[in-house]
Every structure is written in C-alpha cells, then in structure tokens.
2 protein chains.
Amino acid sequence: MHDRDELISELGEIFRENGFAGTSLSEITARTGLGKGSLYHFFPNGKSEMAEAVLHNIDAWFQENVFIPLRESDDALDGIDDMFAAVNAYFDSGNRICLVGAFALDNTRDQFLQEVSTYFSDWISALANALKRSGFAAAVAKSMAEEIVLGIQGALVLARSQEDPKIFTRTLKRLQQRIAATDHA
Amino acid sequence: MHDRDELISELGEIFRENGFAGTSLSEITARTGLGKGSLYHFFPNGKSEMAEAVLHNIDAWFQENVFIPLRESDDALDGIDDMFAAVNAYFDSGNRICLVGAFALDNTRDQFLQEVSTYFSDWISALANALKRSGFAAAVAKSMAEEIVLGIQGALVLARSQEDPKIFTRTLKRLQQRIAATDHA
DNA sequence: GTCTATAAAGCGATAGAC
DNA sequence: GTCTATCGCTTTATAGAC
C-alpha cells in the first residue's frame, strides 16, 4: 500500500467480495499487508470507519465522474452518454458489483443509512435533471431516471448470479437506446 | 417453532435481515427459541445446511407459485398476471428482499452457486416461455423476461436503499404495463 | 507509522445428560 | 428431540515496544 487512497480502494474490493459482515480484520491484514496496529492507526474505529471511508470515496468518485457531468454538461444528452460510459467502466463491464447496493440489502444498510440513501437519490436526481434538460417532462424524467438506476442495480445482481457480465453490458445498451427511442416531447 | 417448515421459514427471514455471513448461531437460537443442540439435530452441517434448506424452500415456492403457472397456464397472459401478483405478495409489496439476489452479490454466491444460478435462469426461461406463447418472437421474449426479472431485483435494492417500498410496487406496475403496451406481433 | 503480543468476547461445533 | 456445558478457534480491539 503506497498511500491512503490506494488502501481505501483495496478495502472497497475486499468489502465487495466478502460483504461487510463477512470481512474480517485478518483478511484485511492479509490483503493489504498492513498489521492491525497500522489499520487501527488509520481507522481508530475499526471496520466501520474503513467502510465509511470507502463509501466516502465512492461518493466522491460518482460526484465527480457522474453526478456533476449529468447536471452541468452543456449538452444534456452528452452528459447521459458519459454516464453510461463511466458506469460501464466503474462496474468493470459487469464484473464488479455495486457496494452500496449490496450494503442496502441487509441490515448493513442501517449502519450506513445516510450514505446508502443519498448515493441513490443523488444519482436519480442528477439523471432526472439531465433528462429534463434534454426535453422530457419532469415526471417522465424522474420515472426514467429511477428505471435506469434500478436497472443497473438489477443487472449487476443478475450478471453475478449467472456469472455472465454480458447481461450487464447489454442492459446498459438497452437502457441507453430506450432514451433515444422515447419521444422527447 | 411448531414444525420444520415454520423453522426454515424463520431461518429465511433471519438470513434476509443479516445476510449469510452476518447471521450467527446465537441469533438463530434467540429468534427460533431452539438451542444449538436442536439446531444441529435438524441440520448436522450447521449454518450452511440451514441456508441450503431455505434456498430449497424458496425454489419450491417459486416453482409452484410462479414458474409452473407461467409455463402451464391456458392463457399465457393470465400466467404472467399471476406472476406479478405472486411476486408482489412474496416480496411483501417491497418490504422484503430477495435472499437469492442478496446471496448472489458477495462470495456467499460461490457456496450456493447451483441454487443461485438456477433460481434466476428458471425464472427467466419460464417467463420467456409465457411471453412467447402470448405472441412475442423468441428473441424479444427472452430479452423482455431478462429485463423484467432484473427490474424486480433492482427495484428491491432501490426500495430498501430509500426505505420506500412504493418504488417496488410502481416498478412492478410499469413492467406489467410495458408488456401490454408492446406490440404482440 | 508499524509491528508483536495479548486480552476479552463471540464464533461454529461437539459431547453427553436427560 | 432438547438442553447445558464446553472445546478450540477466530473475532475485534488494545497495549506497548521499536
């Protein structure tokens, strides 16, 4: 581990693979090469604080690479295209799950309720904003945004269940095409 | 606990709330009222065998209430309507998650790969079969079935993240309406 | 900042009485 | 079939040397 950002990034991968409850300090020491002393030096509150840091990093990444472009791109449709490209890269073409979605499903959610909740609500509202700017009525935009974000989450679940990441990539394509195919009146 | 079926049902709820790794024997004894001796009498292989039993029960329920009706209903569209009603009831109008989907996301999947994989592939193929019988071309039916199953999973994730089960119910409605709105040519 | 050693608690699992 | 007691191990977390 060279710096804190790289450490947090690796912590994210460990949580993705094992879940929050399924991740042990001993696995973290093995994967990061850092002893418990070092880990508690960086994160005095232990595993919870590590997960908080990971969630914060995820939020920062999506703010920078997805939410702000969606809200501020000159051409709203370009911003949406960029979102699909960024999401495809982030989830490694269907080979990487969404940690926030995984946390949402069991009682891990309650420990990180704020982060879990705003991750998705920020995403949906930024996407709805772009859809609205591209010509959709507000209600239609909101509904489409919800459908797209939820479709991405479902595709990640299904892709992993079938060990077939292509389910994810073709879902992204379908969602993207539906925007183009829907009447912009 | 009165009988084995009721016990397995309660085990399912415990796994839903805590995840597989997050569920401890002591929580199970507390919730079921059964001591460890009794639990190991019913499930000599411990927690893994309990989860196997839960997954088997889930599969049996879906076979009986969803997959077989989809394949064998006289009117294919009636079978699909019944699926949406059964799914809405099963997931308690968005208040209950899909345990199989949750298992799929982390490495719990690898321990129950067969059950996780066939649950979704059976569902999609049964639904695609019904859609085909209702007049859709085979490729369209397969794509729609995948979209619907994945939409259900995504809606459960999003509903829990927002503590808003209505996200699930309105997603079901949207998916159901899209079938009716799509050309049955 | 990183390590080793260790504490205290909880874990899954087993044994054996009843 | 259910219980209590217990084993051996792993867990999170802390203390303290370097």
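Chain A is the first sequence line, chain B the second, and so forth, proteins listed ahead of strands; every chain is numbered from 1. Everything quoted here is computed from the prediction, not taken from an experiment.
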Problem set entry | Given DNA chain D, 5'-ward residue of the pair A:Glu27 and A:Gly37, judged by closest heavy atom |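 Nearest-nucleotide comparison on DNA chain D picks A:Glu27.
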Exercise. Hey, does B:Thr23 reach any base, or is it just sugar-phosphate, or nothing, if we go heavy atoms under 4.0 Å?
Worked result: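 Sugar-phosphate, no base atom in range.
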Exercise. Counting only side-chain N and O atoms of A:Ser26, is one of them less than 4.0 Å from OP1 or OP2 of D:dT11?
Worked result: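 Yes, within the criterion.
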Problem set entry | Phosphate-side-chain proximity, B:Ser38 and D:dC3, N/O vs OP1/OP2 below 4.0 Å |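 True: B:Ser38 side-chain N/O within range (under 4.0 Å) of D:dC3 OP1/OP2.
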Given atom [atom1] of [X] and atom [atom2] of [N], what is their separation to the nearest angstrom?
{"X": "B:Arg4", "N": "D:dT2", "atom1": "CZ", "atom2": "P", "value": "12 Å"}
{"X": "A:Leu39", "N": "D:dT14", "atom1": "CG", "atom2": "C1'", "value": "14 Å"}
{"X": "A:Lys36", "N": "D:dT11", "atom1": "NZ", "atom2": "C1'", "value": "7 Å"}
{"X": "B:His41", "N": "C:dA15", "atom1": "NE2", "atom2": "P", "value": "16 Å"}
{"X": "A:Phe20", "N": "D:dT11", "atom1": "CZ", "atom2": "C1'", "value": "13 Å"}
{"X": "A:Lys47", "N": "D:dT10", "atom1": "NZ", "atom2": "P", "value": "16 Å"}
{"X": "B:Tyr40", "N": "C:dA17", "atom1": "OH", "atom2": "C1'", "value": "20 Å"}
{"X": "B:Leu25", "N": "C:dA13", "atom1": "CG", "atom2": "P", "value": "7 Å"}

Problem set entry | Closest non-hydrogen atom pair between B:Ala86 and B:Trp61, with its separation |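 Smallest heavy-atom distance, with atoms named: O-CH2, 3.8 Å.
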For this session: For the residue pair A:Gln63 and A:Asp122, confirm or rule out a side-chain donor-acceptor distance under 3.5 Å.
Result: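 Judged by distance alone, the side chains do pair up.
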Problem set entry | Name of the residue among B:Phe91, B:Tyr90, B:Phe103 meeting side-chain contact (heavy atoms from CB on, under 4.5 Å) with B:Cys98 |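 With B:Cys98 as partner, side-chain contact (heavy atoms from CB on, under 4.5 Å) holds for just one option, B:Phe91.
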Problem set entry | Main-chain N/O of B:Lys166 paired to B:Asp164 side chain as donor or acceptor, under 3.5 Å |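 A pair under 3.5 Å: yes.
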